[in-house]
Undergrad: 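Would you mind keeping the following structure in view while I ask a few things?
Atoms within each ligand, like the ligands themselves, are counted from 1 in listed order. Residue numbers start at 1 and run along the sequence shown.
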Amino acid sequence: MSSQINSYIEANKDRFLNELLDLLRIPSVSADPKYKNDVLKTADAVRDKLIAAGADNVEICQTAGYPIVYGEKIISASLPTVLVYGHYDVQPADPLNLWTSPPFEPVIKNGNIYARGACDDKGQVYMHVKAFETMMKTNTLPCNIKLMIEGEEEVGSSNLGIFVKANKEKLKADIVLISDTSILANDVPSINVGLRGLSYMEVEVTGPNRDLHSGVYGGAVANPIQVLAEMITSMKDKNGKITIPGFYKDVQIVSKKERAEMAKAPFSKKNYMKDLGVVDLKGEKGYSPTEHTSIRPTLELNGIWGGYTGEGAKTVLPSKAFAKISMRLVPNQKSQKISDLFAKHFKKLAPKSVKVKVTYHHGGEPAVTPTDSMAYNAASRAMQDTFGKRPIPVRSGGSIPIVALFEKELKIKSVLMGFGLDSDNIHSPDEHYGVFNYFKGIETIPLFFKYYAEGAK
Ligand code: BES
Ligand code: MN
Ligand code: MN
């Protein structure tokens, strides 16, 4: 059976690659309204590809934002159902001048496909479409499949909750399968078993009622940029602990045993620093870099601005300063609660000389998935077959809010079987995805279905 699958993939290799390149040419940037038509065009393209692959009941489901593309193949009510989730929207490509080749004109160089969305998540979504086509064309689909590809993941999936709540029957499944994460290395396969949650905030600090001459007024009037910088600085102590009262209260303490288990995953601090071009790392005292980005919560500045930032110099004491600040959360922190704690603390920190405004952008809950489930086992066996090595379970630092949402609303767990690499530059210039990884995914996914269907018998 699997040789039949492999020969179908082999025979269609060029087409599988070229179709992905076509999809990557449509700039589906969900954050920027300028790309609205392209985002909608991408949804249509995904729909057409699902139909061509053999899916039934394919539809574009409207939401208050960008639509969700849905398709299914139900073979028998007595067989289990796998729900595949992914996203067809991508991050903005800025800063454009740092790309070696244009972000929406994909090229293959040194075995990598360079384009925005190549890895996150069009490339990984398309592996599922092609794996599905392969199973259909070789008559090897062993259970029911539903595919749900959304267009607002990169902007917080704010309409997805409503859709999931309103479509519980349609989305009914036994397991969710997602490829939107990474493996440790091409020769060190891994399965993601944890994602962090998120609270994304924006703050505005207002000083004087207008921009002032910094010589005429400077020295007597509080500068909102300085005030904001001091407020931000005080939000972490010298040990790298976040000082927001109550921030750590619900943080799940990971046992020594589990930490020792996690520390077995290969990690070279030297190579990590070399890859990033830094000569030192900084993180919460008492934890390793891998722990900083997995089992511990963080607070990061994502942007800060105010005053004059154009060419040359302008002597101004600005009226306002701004920052975008996000916090990554771990079990059992709650996004809403953390956002409230942040807002309360930030307002309290503000000296009398300024007014502050705190707004909430979006959030999501953390999720951990079990390593002793039949579904995890199916993924593990599938990867073992194609990589020749048993994958290592790892928690990652990124967020996919839908995972917690599926669990809460549909009571289904997810398997996070991604094929990217942390070095694929997702959200950065020169995002890329290995041709090796793309085809590894297409080969591995049918094996997951096979082992999952067998195990569920
Ligand atoms: N695919 C990523 C998340 C990811 C990447 C998880 C690598 C694990 C490893 C996803 O598209 C993403 O970027 N999510 C956002 C959150 C969202 C609410 C904007 C994130 O993590 O910043
Ligand atoms: Mn993604
Ligand atoms: Mn992303």
Side-chain angles (χ1 to χ4, degrees), residues 24 28-32 39 42 65-66 84-94 103 115-128 148-161 176-185 190-202 265 290 293-295 297-303 324-330 335-336 338-339 360-369 393-405 414-429 431-433 437 441:
L24 291 169
S28 52
V29 181
S30 51
D32 187 345
V39 182
T42 309
Y66 286 121
V84 172
Y85 163 85
H87 61 97
Y88 65 80
D89 66 321
V90 302
Q91 284 276 319
D94 317 66
R116 171 56 86 229
C119 171
D120 185 13
D121 184 34
K122 282 171 167 172
Q124 300 208 60
V125 159
Y126 212 64
M127 298 178 325
H128 282 275
M148 165 189 180
I149 319 295
E150 72 147 319
E152 295 189 306
E153 198 277 342
E154 298 292 9
V155 287
S157 307
S158 49
N159 297 298
L160 201 62
V176 181
L177 178 63
I178 303 176
S179 297
D180 194 19
T181 53
S182 37
I183 50 174
L184 288 169
S190 57
I191 295 176
N192 198 301
V193 292
L195 293 161
R196 290 195 287 187
L198 185 69
S199 285
Y200 202 117
M201 316 296 293
E202 184 161 333
T290 323
T293 56
S294 59
I295 60 166
T298 56
L299 179 146
E300 289 300 324
L301 273 262
N302 301 108
K324 291 186 195 280
I325 305 174
S326 62
M327 290 156 285
R328 295 283 169 173
L329 315 178
V330 299
S335 177
Q336 189 58 54
I338 293 294
S339 303
Y360 167 78
H361 275 287
H362 57 242
E365 307 303 339
V368 284
T369 63
V394 291
R395 287 205 206 178
S396 123
S399 308
I400 308 177
I402 185 79
V403 174
L405 197 77
S414 297
V415 168
L416 299 160
M417 189 173 72
F419 293 87
L421 294 173
D422 282 347
S423 56
D424 282 344
N425 284 2
I426 64 170
H427 295 208
S428 284
E431 175 175 353
H432 55 275
Y433 191 42
N437 304 67

Undergrad: What's the shortest distance from atom 3 (C) of ligand 1 to any protein heavy atom, and which residue and atom give it?
TA: Ser399 O, 3.5 Å
Undergrad: Before you tell me yes or no, could you show the steps for Met327 and Thr298 under side-chain contact (heavy atoms from CB on, under 4.5 Å), namely the whole-Å CA-CA distance, both residues' side-chain angles and the distance that decides it to 0.1 Å?
TA: CA-CA 5 Å; Met327 290 156 285; Thr298 56; over 6 Å; no
Undergrad: Below 2.8 Å, can you find an N, O or S atom of Asp120 next to the Mn ion (ligand 3)?
TA: yes
Undergrad: Mind checking whether Tyr200 and His361 have parallel, tilted or perpendicular rings, split at 30° and 60°?
TA: perpendicular
Undergrad: For ligand 1, does Arg328 get within less than 4.0 Å through its side chain, its backbone, both, or neither, judged by non-hydrogen atoms?
TA: side chain
Undergrad: Using a 4.0 Å heavy-atom threshold (strictly under), name the region of Ser396 that reaches ligand 1: side chain, backbone, both or neither.
TA: side chain
Undergrad: Under 3.5 Å, N or O to N or O, is Ser182 touching ligand 1 that way?
TA: no
Undergrad: With heavy-atom distances below 4.5 Å as the criterion, would you say the side chains of Ile178 and Val176 are in contact?
TA: yes
Undergrad: For ligand 1, does Asp121 get within less than 4.0 Å through its side chain, its backbone, both, or neither, judged by non-hydrogen atoms?
TA: neither
Undergrad: If only atom types and distance count, is the side chain of Glu365 paired as donor or acceptor with the main-chain N or O of Pro401 below 3.5 Å?
TA: no
Undergrad: OD1 (Asp180) to the Mn ion (ligand 2) to NE2 (His87): angle, nearest 10 degrees?
TA: 100°
Undergrad: Using a heavy-atom cut-off of under 4.0 Å, does the side chain or the backbone of Asp180 touch ligand 1, or both, or neither?
TA: both
Undergrad: I'd like to know if the side chain of Arg116 and the backbone of Gln91 have a donor-acceptor N/O pair within less than 3.5 Å.
TA: yes
Undergrad: Say whether, by atom type as modelled, one donor and one acceptor occur between the side chain of Glu300 and the main chain of Asn302 under 3.5 angstrom.
TA: no
Undergrad: Does Thr181 reach ligand 1 with a nitrogen or oxygen that is under 3.5 Å from one of the ligand's nitrogen or oxygen atoms?
TA: no
Undergrad: Give the contacting part of Pro401 toward ligand 1: side chain, backbone, both or neither, where contact means a heavy-atom distance below 4.0 Å.
TA: side chain
Undergrad: List the steps, then state whether side-chain contact (heavy atoms from CB on, under 4.5 Å) holds for Glu153 with Asp121.
TA: CA-CA 10 Å; Glu153 198 277 342; Asp121 184 34; over 6 Å; no
Undergrad: Which atoms of ligand 1 sit under 4.0 Å from any heavy atom of Ile426?
TA: 5 (C), 7 (C)
Undergrad: Quick check on Arg196 - does any of its heavy atoms sit under 4.0 Å from an atom of ligand 1?
TA: no
Undergrad: Are any side-chain N or O atoms of Ser190 and backbone N or O atoms of Val394, one a donor and one an acceptor, separated by less than 3.5 Å?
TA: no
Undergrad: Among Leu177, Thr369, Asn192, Val193, exactly one meets side-chain contact (heavy atoms from CB on, under 4.5 Å) together with Val415. Which residue is that?
TA: Leu177
Undergrad: Please confirm if an N, O or S atom belonging to Asp121, backbone or side chain, lies less than 2.8 Å from the Mn ion (ligand 2).
TA: no
Undergrad: So, 4.0 Å and heavy atoms of Gln91: is ligand 1 close enough to count as a contact?
TA: no
Undergrad: Considering both backbone and side-chain atoms of Glu153, is one of its nitrogen or oxygen atoms within less than 3.5 Å of a nitrogen or oxygen in ligand 1?
TA: yes
Undergrad: Determine the minimum heavy-atom distance between Ala367 and Val403, stating which atoms define it.
TA: CB-CG1, 3.5 Å
Undergrad: Under 2.8 Å from the Mn ion (ligand 2) - does any N, O or S atom of Glu154 fall there?
TA: no
